[in-house]
Amino acid sequence: MSSSLNLLIVEARFYDHIADFLLEGAKARLEEAGVTYDVVTVPGALEIPPAISFAMNAADGDGVEYDGYIALGCVIRGETYHFEIVAGESARALMDLSVGSGVAIGNGILTVENEEQALERARPDRKNKGAAAAEAALTMIALKDELGA
Ligand SMILES: Nc1c(NC[C@H](O)[C@H](O)[C@H](O)CO)[nH]c(=O)[nH]c1=O
Ligand SMILES: CC(=O)[C@@H](O)COP(=O)(O)O
């Protein structure tokens, strides 16, 4: 993996302790790959796609041009329909950004029923979807390069 790559991690800190685990996993995978990264924080998962869009637009001006993006967050179902909105719309917006703009985005936004499920997927000694999202972003960046996209 080229060491000249630079990625942006956008983390939603709705649940701080889950965000800590996801970020730890994503950073570890990027450092293992020898790439650099920046981290920005937003309130919740719904704000992740706009933040990526802001960064993409800024790159057209004086902003940093990132080779790819990693979205980290945790959406836990509550009592109302809001879970479907937050989980569904954040995922859909990330997909629209990636497909529409041809950018590599690793989606590490957990969408779970309860905190136990979140911890099982966030803790570094478990599945750690943060590391998986970083891996996906790196893989898609490499594919773009291979395809000349
Ligand atoms: N319930 C969760 C949210 N809700 C907040 C939204 O993401 C958003 O910040 C708010 O609607 C203001 O625009 N966010 C999460 O990341 N996780 C949740 O479980
Ligand atoms: C995913 C959410 O927005 C959720 O945490 C909100 O909880 P509630 O549906 O009980 O308001």
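Just follow the structure's listing: the first ligand is 1, and inside any ligand the first atom is 1. This is a predicted model, so every value here is computed, not measured. Heavy atoms only: backbone and side chains are in, while hydrogens, waters and symmetry mates are out.
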Expected rows: ligand 2 N/O, protein N/O, dist below 3.5 Å:
| residue | atom | partner | partner atom | Å |
| --- | --- | --- | --- | --- |
| ligand 2 | 3 (O) | His82 | ND1 | 2.7 |
| ligand 2 | 5 (O) | Ile76 | O | 3.4 |
| ligand 2 | 9 (O) | Glu79 | N | 3.1 |
| ligand 2 | 9 (O) | Thr80 | N | 2.8 |
| ligand 2 | 9 (O) | Thr80 | OG1 | 2.6 |
| ligand 2 | 10 (O) | Glu79 | N | 2.7 |

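- A donor-acceptor pair is defined here as one N or O able to donate and one able to accept, closer than 3.5 Å; such a pair exists between the side chain of Asn128 and the backbone of Phe21.
- Panel note: side chain Asn6, backbone Tyr66; no donor-acceptor pair is recorded below 3.5 Å.
- Listed by chain and residue number, the protein contacts of ligand 1 are Phe14, Tyr15, Gly44, Ala45, Leu46, Glu47, Cys74, Val75, Ile76, His82, Val86 (heavy atom within 4.0 angstrom).
- For Arg29, the salt bridge (charged side-chain N to carboxylate O under 4.0 Å, His left out) partners two or more places apart in sequence, or in a different chain, are Glu32, Glu135.
- No donor-acceptor pair under 3.5 Å is formed between the side chain of Thr111 and the backbone N or O of Ile76.
- No side-chain donor-acceptor contact under 3.5 Å links Glu115 and Tyr15.
- Atom CZ of Phe83 is surrounded by more than 12 heavy atoms from other residues, nucleotides or ligands within 6.0 Å.
- Qualifying side-chain hydrogen bond (donor to acceptor under 3.5 Å, both in side chains) partners for Glu113, counting only residues two or more places apart in sequence or in other chains: Arg77.
- Salt-bridge check for Glu11 with Arg13: passed, with a basic side-chain N closer than 4.0 Å to an acidic carboxylate O.
- A donor-acceptor pair is defined here as one N or O able to donate and one able to accept, closer than 3.5 Å; such a pair exists between the side chain of Ser98 and the backbone of Val103.
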